[in-house]
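The structure appears right after this line, and notes come after that.
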Amino acid sequence: LLGLVGSEMCIRDRLAAVLMVLTGCLTIEDAYSAIDWKSVFLMAGMLPLGIALAQTGTAAYLAERVSDLTGGLGTQGLLAGIFLFNLLASQMMSSVAASALMAPIAVSTAQMAGANPEAFLVAVAVSGSLAFMTPISHQANVLVMGPGGYRFTDYAKVGVPMALLLSVLAIILLPVFWPL
């Protein structure tokens with residue numbers, strides 16, 4: 001049970017779950033039946049996808065294309081390109097895996113452009129946290145999809161406008177707090 005409740009739960013929550021089983025408030029069968037196994041396997045498959053993208057060179061190739069497309073727009077254009085690339089990647093796979101793949105690419109892109117790598121790393125972190133346009137972009141989205149009766153398109157209806165607004169704000173404000 002401890003391994004299945006998730007790494008993001010604090011020790012207090014894990015202890016409470018164990019105590020519920022030990023005191024008989026919850027049977028182990030009920031605990032296992034409450035687990036949404038589709039969500040568990042979906043989350044388990046996200047990290048290998050990120051590793052495959054890195055090992056095949058696909059992630060680096062795509063990042064180079066982003067640099068080619070946005071390099072003519074200056075350093076802020078490169079920052080925006082890295083931001084948007086990670087934002088989109090975070091919608092198709094785990095935002096943690098996408099950001100882990102993108103961080104070294106962002107640093108090397110910043111160094112090649114003579115820019116502040118910290119600004120690019122913060123852009124990767126912020127863009128990865130905007131993972132709410134699809135249900136597969138974050139574990140919480142997957143977990144509430146079934147019980148909430150949400151469809152894939154429901155996430156896009158709310159998530160796309162919110163992500164666009166926050167992206168514009170972040171791309172404008174990042175260089176203010178982390179000068180390029």
Side-chain angles (χ1 to χ4, degrees), residues 1-56 58-59 62 82-107 117-118 120-167 169-170 174 177-178:
L1 182 62
L2 284 176
L4 295 174
V5 291
S7 62
E8 293 182 8
M9 292 180 69
C10 70
I11 293 172
R12 179 191 60 216
D13 296 336
R14 292 178 183 179
L15 183 60
V18 170
L19 286 174
M20 287 176 63
V21 171
L22 291 177
T23 59
C25 294
L26 179 70
T27 67
I28 195 74
E29 291 81 19
D30 289 339
Y32 277 116
S33 68
I35 296 171
D36 185 4
W37 290 105
K38 288 189 287 186
S39 301
V40 171
F41 287 109
L42 178 65
M43 288 183 269
M46 294 295 179
L47 195 54
L49 174 63
I51 292 169
L53 287 173
Q55 289 180 347
T56 61
T58 304
L62 293 172
I82 294 290
F83 188 99
L84 294 174
F85 179 77
N86 194 50
L87 174 70
L88 293 175
S90 295
Q91 305 312 311
M92 296 177 273
M93 59 191 218
S94 165
S95 58
V96 173
S99 296
L101 285 174
M102 200 62 194
I105 296 166
V107 168
E118 287 181 1
F120 281 71
L121 286 173
V122 173
V124 168
V126 171
S127 63
S129 70
L130 301 180
F132 39 73
M133 293 192 291
T134 65
I136 61 172
S137 59
H138 194 272
Q139 305 92 304
N141 298 358
V142 174
L143 291 173
V144 299
M145 186 176 182
Y150 300 122
R151 295 178 311 231
F152 198 94
T153 56
D154 294 332
Y155 289 88
K157 286 177 189 175
V158 174
V160 170
M162 190 170 13
L164 288 175
L165 173 67
L166 294 172
S167 295
L169 287 173
L174 275 171
F177 295 103
W178 288 273

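Basis for what follows: all heavy atoms, side chains included, without hydrogens, waters or symmetry-related copies.
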Any side-chain heavy-atom pair of Tyr155 and Thr153 under 4.5 Å: no
Taking all non-hydrogen atoms of both residues into account, name the closest pair between Asp30 and Leu26 and its distance. CB-CD1, 3.6 Å
Side-chain contact test, heavy atoms from C-beta onward, threshold under 4.5 Å: evaluate it for Val158 versus Tyr150 and give yes or no. no
Smallest heavy-atom separation, Gly149 atom then Asp154 atom, equals O-OD2, 4.4 Å
Approximate separation, where rounding is to 0.5 Å, of Leu165 CG and Leu130 CG: 10.0 Å
Count the heavy atoms belonging to other residues, nucleotides or ligands that lie under 6.0 Å from CZ of Phe177, then report whether that count exceeds 12. no
Reported NZ-to-CE distance for the pair Lys157 and Met162, which is rounded to 0.5 angstrom: 14.5 Å
In short, Phe83 meets Ser127 closest at the heavy-atom pair O-CB, 3.3 Å
CG (Leu88) and OG (Ser137) are apart, to the nearest 0.5 Å, by 11.5 Å
Heavy atoms only: give me the nearest Gly128-Ser99 pair and the separation to one decimal. CA-OG, 3.7 Å
Backbone N or O of Gln91 within a donor-acceptor pair of the Thr134 side chain at under 3.5 Å? yes
Over all atoms of both residues, closest heavy-atom pair of Leu87 and Ser167: CD2-OG, 3.5 Å
Hey, could you give me the CG/CG distance between Leu174 and Leu121, rounded to the nearest 0.5 Å? 11.0 Å
Steps toward side-chain contact (heavy atoms from CB on, under 4.5 Å) verdict (Met102, Ile105): CA-CA 5 Å; Met102 200 62 194; Ile105 296 166; 4.1 Å; yes
Could you pull out the closest heavy-atom pair between Asn141 and Ala131, with the gap in Å? ND2-O, 3.2 Å
Measure the spacing between CE of Met133 and CG of Leu164 and express it to the nearest 0.5 Å. 7.0 Å
